[in-house]
Engineer: 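First, the structure itself, so that you have it in front of you.
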Amino acid sequence: HVPENDLLGRMYEEFHLFGGAEVRILAADSDVADAPFDSQYVLSLEDMRKHFYNEGRLPDTGAAPGELSLALTDDETVMRISWATMDKIIENPRIELVSPCTSDGCIYSATTTTYTVPQRWWPQFNGSLHSSLVSGLISGETYSYRACSDSSSPANNTESCSDYYTFKAPPPLSSPTSIAIIGDQGTVMPLGFAISEKLTAVQDELNIDAVIHVGDLSYAGIDTAFPHLNVSKDDEFEWIWDLWQLQNQPIAATRPYMIGIGNHEAWYNWTAVTSRFQMPYGPYNNNNNNNKKNNKNVNTNAVSNVSVSNPPFWYSMNHGYVHWIHTCSEFPMDNTSTQGQWLLQDLSYASLDAQRLITPWIIITIHRPPYSSETSWIEYRNDLELLFNKYHVDVVISGHIHAYERTHSVGNNGLSIEYPKNYHNNHNDNINDDNDDDDVYINPIYPIYITQGNSGALQVEKWVHPVPDWSAVRWANGYTNSYKNNQYHQQTENENENNNIYPYTYTDTFGFGVARFVNATSMLYESIPVTGNFSDKFWISKNV
């Protein structure tokens, strides 16, 4: 942000951030004064910090914990709790359980790290990152905890603790779960904060057990140069990571927040994301010697030659009825690559009949979508589709495209399509509109591909026309495929602006997904909008 008198006549938009501080986003480029600018004109970081402090999410001292986040581990009786402090030197960082304690006690010490990135003219991260493993958990039990630390300053030698939060220990395998799905969020680009607020408001009502974020997390690196601000495409704003984690703390402090990697995490050789997040290796991996003894359902003979995972880039986990496989589209995935060989072996084991009885659903996350009908999409299915089909992957979830799109069960490079039981044919102009009927796919042969990249990042997407036969539902930019007057309309920007068939509300096409694994044979996926009624719902029903 620059002095306002240098922006007279310039276009800018104003967004309200977290219901508090206001931020002005420059919408046009221009040559103005070199950075750094007078502090009164810089983006009001202090206003944002005051807002978080008033909500109880921002530490009141440098030793106080903030940015609390849970993560699953390779042991279902252990939960990882991570947090940050703004002071680099902290004494006795720990987690304190208060209700109840586990068989391993009430106090859990933490390890402490930090990281550095190239210094620019804006603030960088100068604090510490802490991580504690809370063990002895009983499946399904609710625990109350807080993070604490002591200041190392002689002038402020006091204990600082977070508020109390509660979480449930992971459910047993082969049990129902509800998972929130987020992709491409950020803070004010422009609606990441609104996604956090909506999910925070409904997560208990929806019985959310965990959150999976399919990449492009904070947008601290925006991959855009602003020469007049002395900002290059190679720059990352570390305090955006802090704001994003504070924004999501009401979610991440109360249920596991599992991440995938997108292209916007790549800055400084992935330093921030690999420092801030520790994900599990996976139940079939031989680079964690504790996996076999901690997972009672692992066939040790089957995993002896498994290639290593590389969390948080590629890893897997068993949770409820589901074997989740998190892959990374930013690294090679062909069958000669390290990731490709790991994926093949992980799928091979997850698909064994004995294992599929325990975790009958195989869900893959990958940031860049193998199927998308957005015009800028680059084909990304050559190395993957045959593998997904061979091992009967049920659903593939992606982001990257800032839109929501759901395919039918599709294979053979889009040529083989299975339609659901209650599907309304796109090309039939005289169908009955029955919005109460959910699409139901019965024993589908091929995966269903979901792009859930509409969770906050700017939507300026353009669709290909006509709609591909394999695309069931798609929306972005406030527009959607919709039924009206018993006819199917492919809604376009021109149609809306010229004929005013539907009201335009930009925020209606932002949202997140919820995947509900009801039992071994039924799952429901539903999109949840921030505003409006652009919702999609479908079922998969299959035999075990």
Side-chain angles (χ1 to χ4, degrees), residues 178-185 191-192 194-208 211-214 251 369 372-374 395 397-399 401-409 419-426 431-441 448-457 459 461 463 467 471-491 496 501-518 522-541:
S178 294
I179 310 298
I181 307 295
I182 295 176
D184 300 70
Q185 187 187 17
L191 288 176
I195 298 297
S196 294
E197 291 174 350
K198 181 64 176 281
L199 181 51
T200 297
V202 302
Q203 59 185 349
D204 290 336
E205 174 187 346
L206 297 177
N207 294 315
I208 299 299
V211 177
I212 290 178
H213 197 139
V214 294
I251 305 164
S372 173
S373 62
E374 205 275 338
V395 177
I397 305 175
S398 302
I401 303 298
H402 298 170
Y404 175 82
E405 185 168 21
R406 185 251 299 181
T407 74
H408 297 299
S409 171
Y419 295 101
K421 177 181 178 182
N422 295 325
Y423 177 60
H424 300 298
N425 190 322
N426 286 14
I431 59 175
N432 291 324
D433 182 13
D434 187 357
N435 290 327
D436 293 331
D437 288 344
D438 299 334
D439 286 350
V440 181
Y441 297 88
I448 293 168
Y449 293 82
I450 299 169
T451 298
Q452 191 76 63
N454 65 332
S455 299
Q459 293 184 11
E461 312 309 294
W463 300 115
V467 184
S471 180
V473 177
R474 64 184 192 180
W475 57 64
N477 316 334
Y479 300 95
T480 183
N481 296 351
S482 300
Y483 293 102
K484 187 175 177 67
N485 298 329
N486 294 327
Q487 293 187 352
Y488 186 88
H489 283 274
Q490 171 56 47
Q491 188 177 356
N496 183 276
I501 293 179
Y502 304 106
Y504 174 93
T505 304
Y506 183 66
T507 58
D508 285 358
T509 49
F510 288 83
F512 57 90
V514 176
R516 296 183 177 91
F517 300 92
V518 180
S522 299
M523 74 156 286
L524 169 67
Y525 194 95
E526 181 178 7
S527 65
I528 308 292
V530 169
T531 62
N533 300 308
F534 287 172
S535 181
D536 178 42
K537 210 186 267 192
F538 72 91
W539 289 84
I540 297 178
S541 177

Engineer: Between Ser455 (side chain) and Gly511 (backbone), is there a donor-acceptor pair under 3.5 Å?
Structural biologist: yes

Engineer: Distance check, rounded to the nearest 0.5 Å: Ile450 atom CD1 versus Arg406 atom CZ?
Structural biologist: 8.0 Å

Engineer: Looking at side-chain heavy atoms only, is the closest gap between Leu199 and Ile182 below 4.5 Å?
Structural biologist: yes

Engineer: Check Trp475 against Ser535 and note the closest heavy-atom contact, atom names and distance.
Structural biologist: CH2-C, 3.5 Å

Engineer: Report yes if the side chains of Ile448 and Ile540 come closer than 4.5 Å at any heavy-atom pair, otherwise no.
Structural biologist: yes

Engineer: With heavy-atom distances below 4.5 Å as the criterion, would you say the side chains of Thr451 and Arg474 are in contact?
Structural biologist: no

Engineer: For residues Asp184 and His213, report the shortest heavy-atom separation together with the two atoms involved.
Structural biologist: N-NE2, 3.7 Å

Engineer: Restricting to non-hydrogen atoms, name the atom on Glu405 and the atom on Ser373 that form the minimum distance, rounded to 0.1 Å.
Structural biologist: OE2-OG, 2.6 Å

Engineer: If you take all heavy atoms of Ala472 and Tyr441, which pair is closest and at what distance?
Structural biologist: CB-OH, 4.2 Å

Engineer: How many angstroms lie between NE2 in His402 and CD in Gln459, if you round to the nearest 0.5 Å?
Structural biologist: 8.5 Å

Engineer: Roughly how far, to the nearest 0.5 Å, is the NZ atom of Lys421 from the CG atom of Asp438?
Structural biologist: 11.5 Å

Engineer: Starting at CD1 of Ile528, measure out to CD1 of Ile181 and round the result to the nearest 0.5 Å.
Structural biologist: 12.0 Å

Engineer: Check whether any side-chain heavy atom of Phe512 lies under 4.5 Å from a side-chain heavy atom of Gln185, and answer yes or no.
Structural biologist: no

Engineer: How far does OG of Ser196 sit from CG of Leu191, to the nearest 0.5 angstrom?
Structural biologist: 11.0 Å

Engineer: Would you call the rings of Tyr525 and Phe538 parallel, tilted or perpendicular, taking 30° and 60° as the class edges?
Structural biologist: parallel

Engineer: Leu206 and Arg516: side-chain contact (heavy atoms from CB on, under 4.5 Å), yes or no, with the steps?
Structural biologist: CA-CA 10 Å; Leu206 297 177; Arg516 296 183 177 91; 3.2 Å; yes

Engineer: Measuring from atom CE of Met523 to atom CH2 of Trp539, what distance do you get when rounded to the nearest 0.5 angstrom?
Structural biologist: 9.5 Å

Engineer: If every non-hydrogen atom of Ser398 is compared with every non-hydrogen atom of Pro369, which pair is closest and at what distance?
Structural biologist: OG-CA, 3.3 Å

Engineer: Is a side-chain donor or acceptor of Asn454 paired with a backbone partner of Tyr404 at a separation under 3.5 angstrom?
Structural biologist: no

Engineer: Report yes if some heavy atom in the side chain of Val211 is under 4.5 Å from a heavy atom in the side chain of Gln203; otherwise report no.
Structural biologist: no

Engineer: I need the minimum non-hydrogen distance between His408 and Pro420, along with the two atoms involved.
Structural biologist: ND1-CD, 3.4 Å

Engineer: For a 4.5 angstrom cut-off between non-hydrogen side-chain atoms, does Lys198 reach Phe510?
Structural biologist: no

Engineer: Can you tell me if Thr509 uses its side chain to pair, donor with acceptor, with the backbone of Gly478 under 3.5 Å?
Structural biologist: yes

